[in-house]
Amino acid sequence: MELLKKLCSIRATSGDESAMTTFMLDHISKNSKDWKVKPEVLHGDGFQDAIVLVFGKPRTAIFAHMDNIGYAVSYKKNLVRIGGPRGESGWKLVGSDSKGEIECTLKVQWLWAAGNKKEELKYRFKRNIDRGTPLSFKPNFRETEKTVQTPYLDNRLGVWNAIQAAKNLENGIIVFSTYEEVGGGSVQFLAKYIQEKYGVKQALISDITLATEAIKPKDGVAISMRDKGVPRQSYLRKIIAIAEENKINYQLEVEDAGGSDGTVLQHAPGVWDWCFIGPPEKNYHSPNEKAWKEDIKAMNDLYEVLMREL
Amino acid sequence: MELLKKLCSIRATSGDESAMTTFMLDHISKNSKDWKVKPEVLHGDGFQDAIVLVFGKPRTAIFAHMDNIGYAVSYKKNLVRIGGPRGESGWKLVGSDSKGEIECTLKVQWLWAAGNKKEELKYRFKRNIDRGTPLSFKPNFRETEKTVQTPYLDNRLGVWNAIQAAKNLENGIIVFSTYEEVGGGSVQFLAKYIQEKYGVKQALISDITLATEAIKPKDGVAISMRDKGVPRQSYLRKIIAIAEENKINYQLEVEDAGGSDGTVLQHAPGVWDWCFIGPPEKNYHSPNEKAWKEDIKAMNDLYEVLMREL
Amino acid sequence: MELLKKLCSIRATSGDESAMTTFMLDHISKNSKDWKVKPEVLHGDGFQDAIVLVFGKPRTAIFAHMDNIGYAVSYKKNLVRIGGPRGESGWKLVGSDSKGEIECTLKVQWLWAAGNKKEELKYRFKRNIDRGTPLSFKPNFRETEKTVQTPYLDNRLGVWNAIQAAKNLENGIIVFSTYEEVGGGSVQFLAKYIQEKYGVKQALISDITLATEAIKPKDGVAISMRDKGVPRQSYLRKIIAIAEENKINYQLEVEDAGGSDGTVLQHAPGVWDWCFIGPPEKNYHSPNEKAWKEDIKAMNDLYEVLMREL
C-alpha cells in the first residue's frame with residue numbers, strides 16, 4: 001500500500017490537479033511495461049489535467065477521479081470550501097503560495113446573522129496566505145492489519161483500484177478524471193471523446209461511499225443501485241449477476257442523494273450505462289477517512305471480473 | 001381509450017422502462033401499417049430503452065416520456081422516491097422481485113429528527129422485498145363521459161397523444177423518451193442524434209401539467225409560456241398564432257418552477273426551440289390523476305395542426 | 001458612452017433577445033469597417049438570437065451575454081421573475097403587448113402562507129397586461145465624471161466592453177450570447193460550434209460582479225478565481241501574470257456562489273478554460289446598478305492585452 005500512501009499525500013484540489021497528473025504519468029510510464037497490455041496514454045492538449053488509458057479493444061471504461069476536496073483562501077482569514085469537506089476546528093491543512101510552504105489550522109466558528117446560525121471557516125497561521133490559495137488536508141496515513149485510514153481515501157483509493165485493474169487488463173479504458181468534487185467539468189468531454197472514438201458505452205465509477213447504518217464496513221464492496229442519479233437497472237442487474245457468479249462479497253446501496261462522475265454521465269449527451277462501485281468508509285470527507293481491507297479486496301476482485309465479463 | 005388504459009397499467013419507473021419499450025414496439029409494429037406514413041423505427045443499441053419514429057422529412061419533433069414515478073425499496077421496510085410522487089398512507093403499490101409478484105401498501109409517517117420534521121416512507125407487505133425493487137402505483141383506470149382518472153396520466157396520456165398524432169403525420173419525428181421523471185438521461189443523446197441526422201430544431205413536449213387556480217380543467221390544453229425553463233418567445237408566439245387561427249381551445253400557463261424534457265433540451269448542446277403543451281390534471285403525481293376529455297381533444301387537435309404548420 | 005446608454009435602453013429579457021440582436025447586427029454592420037480586422041459575422045439559423053464574431057485566427061473567445069433580467073406577467077396582476085432581479089415597490093417597468101406600450105409600477109408585498117413568509121410581486125397599471133408579457137426596468141441612465149449608473153449595466157457593460165475589444169482585435173472570437181440570466185441555453189451550442197470549427201479552448205467571460213466588503217469599487221477590475229464554478233487554476237495564474245506584467249489595476253475575487261456563462265462552459269461537453277473578468281457594481285440586479293469608470297477602463301485594458309497575449 002506504499003503507492004496508496006503516496007497518492008494520499010498529493011495535493012490536488014478540484015481545478016488544480018496537475019500534481020496528480022504529473023505523478024500518475026510518471027507512475028504509468030515506469031510501470032506499464034509490466035502490465036499484461038501496455039495501454040495507449042492520452043493526456044495534455046484536449047484533456048486538460050485528465051488522463052485516459054486505452055487497452056486493447058475497449059467495451060467498458062473505469063472512471064476514477066483524481067481531485068480532492070479542500071478549502072480556498074478567500075478574504076482576510078476566511079476560507080471557502082472546495083467541494084464538500086466537513087469542517088472541524090484543529091484540522092491541519094497544507095498548501096503553498098508565493099511566500100512558500102503552508103501548514104495551518106482550520107478554525108470553525110458559528111455566527112448569528114439575520115436570525116440564522118451561520119458557519120465561518122477560518123485558518124490560523126503565522127502570516128496571511130495569498131488569496132485563492134487552495135489548501136488540502138495534511139497527509140496522515142495510518143495502516144493496520146485490517147484497515148487503512150488517511151485523508152483522501154476518497155478518491156485516491158478509487159485511483160489505486162483502477163491501477164490494480166490496469167495490471168491484468170486486456171480490453172478496456174481507464175479514465176483518471178478531474179473536477180469531480182465540484183460537480184464535474186472534465187468527464188463531459190472525456191466521455192464524449194472515448195464514446196466517439198472507441199464506441200464505449202459502459203462505465204464503472206471507481207469511487208468511495210459512506211458507511212451508514214445500512215451500508216456497513218466489512219459487509220463487502222458497495223454496488224450502488226442509485227443515488228441522486230439512477231443507473232439503468234438492466235445494466236445494474238447484469239453487474240449484480242456477475243458479482244454473484246464470482247462469489248464477490250458485495251452489498252447493495254439504495255440512496256436518494258449524492259452524486260459522482262456517474263451523474264455527469266447520465267446527463268451528458270452520450271449513451272452511457274454507468275454504475276458506482278466502491279467500498280464504504282467511515283468519517284467521510286474528513287482527514288480520517290477509514291476503509292477496511294477486506295472491502296477493498298472485494299472491490300479489486302469485482303473490477304477485475306467486470307472488466308473481463310461485461 | 002382502451003389503449004390509454006393499457007398504457008397506464010404498465011410498470012416503467014425511470015431507469016427501468018423496458019416493459020413500455022416492448023409494448024410500444026409491438027403496438028407500432030402492429031398499427032403503423034394503417035398510418036398515413038409508415039415511420040422508420042429507431043431503437044435498441046445506441047437508444048437504450050427509448051424509441052424514435054421518423055416520418056417523411058421532419059421539421060419538428062414530439063417528445064413524450066414513457067417513464068413513470070414510483071418508489072424504490074431501500075433498507076428494511078423503507079422506500080425512496082423515484083422522481084417526485086406524493087405520498088399518502090394506504091396507496092396501493094405493485095412490482096415484482098426475485099420472490100414473485102408484489103402488491104403492497106404505502107405508509108407515510110413523520111419523525112422528529114434534530115428538531116426537524118422528517119418524512120419516512122415505508123411499505124407494508126407480508127414479506128420483505130428485495131433491495132432496490134421499484135414499485136409503481138397499482139392500475140386503477142376510471143373513465144366517465146367527460147373525464148379519465150388513473151395513475152400515470154402523466155405521462156401515458158402524453159404518449160397516447162403522440163400515437164394519435166402519428167396516425168396522420170406526414171413529416172415529423174416522435175421521440176418516446178426515458179428518465180424524464182428523474183431529470184433526464186436520454187433526451188440529451190436522442191436530441192443530439194435527431195438534430196445531427198435530420199436537422200430538426202423544433203420540439204413539442206407532449207406531457208401533462210397541474211391544474212391550479214389559474215390553469216383550470218375544461219379551459220383547454222395548456223401552452224406553457226415558461227416554467228423553470230424559458231422557451232424562446234418567438235417560437236411560442238408562432239405556436240399561439242397557429243392555435244388561434246385553428247380555433248383550438250387553449251390556455252396560457254406562466255410558472256416559475258417545474259421542468260420537463262424541454263428543460264433538458266434548453267441545456268443540451270443543440271439548437272432547440274421547444275414548448276410544453278398538455279392538458280391540466282387534478283391530483284398531480286398521485287394514483288388519482290384526472291383530466292377532462294375536452295382538454296385532451298384540444299391537445300390532439302393542436303398537435304395535429306402544429307406538426308403540419310410549424 | 002452614448003453607445004452604452006443606448007444598449008441599456010433596449011428590452012431583451014432572457015428568451016426574448018431579438019431587439020438586442022437587431023441593434024447589434026446593425027451596429028456591427030455600420031462600424032466594423034473601421035475596426036482593425038473586419039470579422040466574419042455568424043447569426044440567424046443555427047444561432048437563435050445569438051451573434052458570433054470571428055477575427056483572424058482565434059485562440060480565445062470573449063463571451064458577453066445580451067439578455068437582461070426582468071419580470072413576466074403571470075396571472076391576474078402577478079409577476080414572476082425572469083432571472084434573479086431584486087424587487088422593490090415603486091420600480092418602473094416597461095414593455096409592450098397586443099394592446100400597446102406599457103409603463104407600470106412594481107409592487108412587492110409579503111403574505112403569510114402556511115406559517116411561512118411569502119413574497120408576492122404585482123404590477124400596478126391602468127389596464128390588464130397580456131399573460132406572459134415580459135417587463136424590463138425603465139431606462140434611466142445617469143453618468144457623472146467618475147461613475148455610470150443605470151439599469152442593465154449587467155450586462156450591457158459587458159457587451160460594450162466586448163465591442164471596445166473588437167476595435168483592435170486581430171485574432172479572436174466574440175460571442176454575444178443569450179439566456180445567461182436564466183442559467184444558460186445558447187452558450188452550450190455556441191461553445192460547441194466554435195470549438196469544433198475553430199479549435200478555440202480559452203474563454204473570457206465579460207460580465208459584471210457584485211461590489212462587496214471585499215471587492216470594492218475603484219479597486220480595479222475583478223478577476224474571479226472562482227464562484228459556484230471553479231476555473232482551472234493554471235489558466236487563472238496565466239491571466240493574473242499577464243495582468244501583473246501589464247500593470248492593470250485588478251483585484252482577485254473568491255466566492256462560493258454565483259454563476260455565469262463560465263459555469264455553463266465548465267459543464268459543457270467541450271474542453272474549456274474560462275475566467276470571469278469584470279468590474280464590481282453597487283446595487284446589483286436593481287435599476288440602479290452603478291460602476292466606476294476607472295474599473296471599466298481597467299476592464300477594457302485587461303481584455304485588450306489578454307486577447308493579444310493569451
Side-chain angles (χ1 to χ4, degrees), chain A residues 59 117 188-189 191-192 195-196 199-203 210-216 219-220 222-241 243-244 250-259 262-276 280, chain B residues 11-19 21 44-50 67 69-76 78-84 95 97-98 115 119 121 129-134 178-193 195-196 263-265 267-270:
Chain A
R59 297 177 313 274
K117 216 173 154 187
Q188 288 89 342
F189 65 78
K192 183 173 187 286
Q195 185 157 103
E196 289 179 359
V200 171
K201 296 198 189 81
Q202 300 183 129
L210 290 81
T212 63
E213 256 183 68
I215 300 299
K216 290 179 182 150
D219 279 1
I223 299 176
S224 170
M225 302 187 79
R226 59 163 294 177
D227 46 29
K228 188 175 60 181
V230 179
R232 204 149 62 113
Q233 303 294 299
S234 54
Y235 181 63
L236 198 53
R237 284 189 284 262
K238 218 182 291 180
I239 286 171
I240 295 168
E244 280 289 336
Y250 73 93
Q251 50 187 325
L252 295 173
E253 187 182 47
V254 181
E255 300 291 338
D256 56 3
T263 329
V264 175
L265 288 179
Q266 181 167 339
H267 295 288
V271 185
W272 286 97
D273 274 325
W274 60 274
C275 183
F276 180 112
Chain B
R11 303 166 191 169
T13 50
S14 308
D16 205 21
E17 297 93 345
S18 57
T21 316
D45 189 40
F47 294 89
Q48 293 190 349
D49 295 310
D67 58 311
I69 52 176
Y71 309 86
V73 174
S74 58
Y75 312 116
K76 295 178 184 171
N78 290 296
L79 300 172
V80 296
R81 285 181 162 84
I82 302 170
D97 68 1
S98 67
E119 187 196 46
L121 301 173
I129 303 177
D130 289 351
R131 199 173 283 183
T133 303
T178 54
Y179 272 113
E180 194 269 354
E181 296 289 3
V182 293
S186 68
V187 166
Q188 288 90 339
F189 65 76
L190 296 166
K192 182 172 189 286
Y193 183 89
Q195 185 158 102
E196 289 180 358
T263 328
V264 175
L265 288 179
H267 294 289

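By convention in this document, chain letters (A, B, ...) are assigned in the order of the sequence lines, proteins followed by strands, and residues within each chain are numbered from 1.
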Option in B:Ala191, B:Ser186, B:Gly185 with maximal non-hydrogen atom pairs under 4.5 Å from chain A:
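Greatest number of close heavy-atom pairs with chain A: B:Gly185.
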Option that, when pairs with chain A are counted at under 4.5 Å, heavy atom only, ranks first among B:Gly46, B:Pro134, B:Gly183, B:Ala72:
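Ranked by heavy-atom pairs under 4.5 Å with chain A, first place is B:Gly46.
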So, the side chain of [X] versus the backbone of [Y]: is there a donor-acceptor pair under 3.5 Å, distance only?
X: B:Asp130; Y: B:Ser98; value: yes
X: B:Tyr75; Y: A:Val254; value: yes
X: B:Glu181; Y: B:Asp67; value: no
X: A:Arg226; Y: A:Pro231; value: no

Contact winner vs chain B - A:Ser234, A:Gly199, A:Gly270, heavy-atom pairs under 4.5 Å
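Maximum pair count with chain B is reached by A:Gly270.
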Heavy-atom pairs under 4.5 Å with chain B are the metric here; pick the option from A:Gln233, A:Gln266, A:Arg232 that has the most.
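Maximum pair count with chain B is reached by A:Arg232.
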B:Glu119 atom CD: more than 12 heavy-atom contacts under 6.0 Å:
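Count over threshold, so yes.
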Other residues, nucleotides and ligands only: do more than 12 of their heavy atoms fall within 6.0 Å of NZ on B:Lys192?
yes
If I measure from the heavy atoms of chain A, does [X] come under 4.5 Å with its side chain, its backbone, both, or neither?
X: B:Asn78; answer: neither
X: B:Val73; answer: backbone
X: B:Leu190; answer: neither
X: B:Tyr193; answer: neither

Closest heavy-atom pair and its distance - B:Asp49, B:Ser18
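Answer, listing the atom of B:Asp49 first, then B:Ser18: OD1-CB, 4.0 Å.
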Heavy-atom distance under 4.5 Å to chain B: side chain of A:Leu265, backbone, both or neither?
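For A:Leu265, no heavy atom lies under 4.5 Å from chain B.
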